[in-house]
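Notes to accompany the following structure.
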Amino acid sequence: FVLDYKICGILAEADPRGEGVVIGIGLNVNLTDGDFSGITLDQPATSMTLERGDVFDIADVCARVTACLQGQVDRLSTQGHAAILADWATSDWLAGFRVRVRQDAQTIEGHYDGLTPDGRMQVIDESGTPHSILSGDVERLMPD
């Protein structure tokens, strides 16, 4: 089993008026091992520089991430959820794994069962109870 290192985090929150979604992305670009020393992390972390051995132009990385994200937003508006969910299923990093999801004071652990048609995470806990999760901090555990 390969230990996974976190390289980014994504937070998406729906506008309370239902007029859109605010998306925040944190991506470790040019961090080095020294940047991670002396700090306590919930899980091991890495960066683009550590993985590739290159130093990246931050403006270029931002432009590329923004362009990709805008392309998917455009695709969502023209093709709907089904097209995005179909692509997601082919490269779903959680498929075949158990997960732990933290939501405020609640923790749900179980088998990851993909996404619902509206994009919620589906987790089946130890008792067989399905949980449809809209948001939370997700940790990938050992494979099922």
Side-chain angles (χ1 to χ4, degrees), residues 1-16 20-77 79-144:
F1 180 71
V2 176
L3 182 62
D4 292 307
Y5 289 80
K6 186 174 182 177
I7 196 167
C8 73
I10 301 172
L11 175 64
E13 292 191 17
D15 181 316
V21 176
V22 176
I23 300 172
I25 300 173
L27 176 60
N28 297 339
V29 179
N30 291 324
L31 297 176
T32 65
D33 283 329
D35 294 316
F36 294 114
S37 67
I39 59 173
T40 303
L41 301 171
D42 290 341
Q43 63 190 78
T46 190
S47 71
M48 291 171 54
T49 292
L50 288 171
E51 295 303 309
R52 295 278 306 270
D54 300 322
V55 174
F56 294 86
D57 179 274
I58 298 293
D60 182 54
V61 171
C62 288
R64 288 173 181 244
V65 169
T66 301
C68 288
L69 183 58
Q70 185 61 57
Q72 292 302 311
V73 168
D74 293 345
R75 187 165 170 236
L76 178 63
S77 66
Q79 298 177 24
H81 289 97
I84 302 293
L85 291 173
D87 282 352
W88 182 276
T90 65
S91 58
D92 192 339
W93 181 69
L94 297 174
F97 282 82
R98 297 181 44 72
V99 296
R100 180 178 299 127
V101 182
R102 291 182 183 89
Q103 301 173 299
D104 298 321
Q106 181 183 18
T107 299
I108 299 168
E109 190 170 315
H111 167 76
Y112 170 72
D113 198 33
L115 300 180
T116 64
D118 66 352
R120 294 172 188 255
M121 171 187 270
Q122 194 76 7
V123 177
I124 311 297
D125 70 17
E126 299 302 320
S127 69
T129 304
H131 298 267
S132 183
I133 300 168
L134 181 60
S135 67
D137 185 23
V138 180
E139 180 182 355
R140 186 170 86 164
L141 304 174
M142 297 298 283
D144 283 331

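Since this is a predicted model, take the numbers as computed values, not measurements.
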* Could you walk me through whether Tyr112 and Asp92 pass the side chain to side chain contact (heavy atoms under 4.5 Å, CB included) check? -> CA-CA 10 Å; Tyr112 170 72; Asp92 192 339; 2.4 Å; yes
* Does Asp54 reach the main-chain N or O of Phe56 with its side chain, forming a donor-acceptor pair under 3.5 Å? -> no
* How far apart are the closest heavy atoms of Val55 and Thr49, and which atoms are they? -> CA-OG1, 4.0 Å
* Asked: Taking the side chain from Thr66 and the backbone from Ala63, do they hold a donor-acceptor pair closer than 3.5 Å?
  -> no
* Asked: Can you tell me if Arg140 uses its side chain to pair, donor with acceptor, with the backbone of Trp93 under 3.5 Å?
  -> yes
* To do: Write down the atom of Cys8, the atom of Leu27, and the distance for their closest heavy-atom approach.
  => CB-CD1, 3.8 Å
* To do: Taking all non-hydrogen atoms of both residues into account, name the closest pair between Arg98 and His111 and its distance.
  => NH1-N, 4.0 Å
* Can His81 and Asp118 be said to form a side chain to side chain contact (heavy atoms under 4.5 Å, CB included), step by step? -> CA-CA 7 Å; His81 289 97; Asp118 66 352; over 6 Å; no
* Asked: If we only count heavy atoms from C-beta on, is the Met121 to Leu94 side-chain gap below 4.5 Å?
  -> yes
* To the nearest 0.5 Å, what is the distance between CG (Leu69) and CD1 (Ile10)? -> 8.5 Å
* Asked: Just wondering, more than 12 heavy atoms not from Glu13 lying within 6.0 Å of its CD?
  -> no
* **Backbone N/O of Leu50 and side chain of Thr46: donor-acceptor pair under 3.5 Å** => no
* Structure fact -> Heavy-atom nearest pair, Leu85 first then Pro117, reads CD1-O, 3.3 Å
* Asked: Would you say Glu126's side chain and Gly110's backbone share a donor-acceptor pair under 3.5 angstrom?
  -> no
* Asked: What distance do Ile108 atom CD1 and Arg102 atom CZ have between them, rounded to the nearest 0.5 Å?
  -> 12.0 Å
* Asked: Would you say Asp35's side chain and Thr32's backbone share a donor-acceptor pair under 3.5 angstrom?
  -> yes
* Asked: What do you reckon, is CG of Asp104 surrounded by more than 12 foreign heavy atoms closer than 6.0 Å?
  -> no
* Distance-minimising heavy-atom pair for Thr116 and Ser132 -> CG2-OG, 4.0 Å
* Distance-only, no hydrogens or angles: does the Asp57 side chain make a donor-acceptor pair with backbone N or O of Asp60 under 3.5 Å? -> yes
* CD-NE2 distance between Gln103 and His131, expressed to the nearest 0.5 angstrom -> 9.5 Å
* **Pairwise distance CD(Gln72) to CG(Asp74) - rounded to 0.5 angstrom** => 9.0 Å
* Between Glu139 and Lys6, does at least one N-O distance fall below 4.0 Å, as a salt bridge requires? -> no
* To the nearest 0.5 Å, tell me how far Met48 CE sits from Leu31 CG. => 11.0 Å
* Asked: So how far is it from Leu41 CG to Tyr5 OH, rounded to the nearest 0.5 Å?
  -> 11.0 Å
* **CZ (Arg75) with more than 12 external heavy atoms under 6.0 Å** => yes
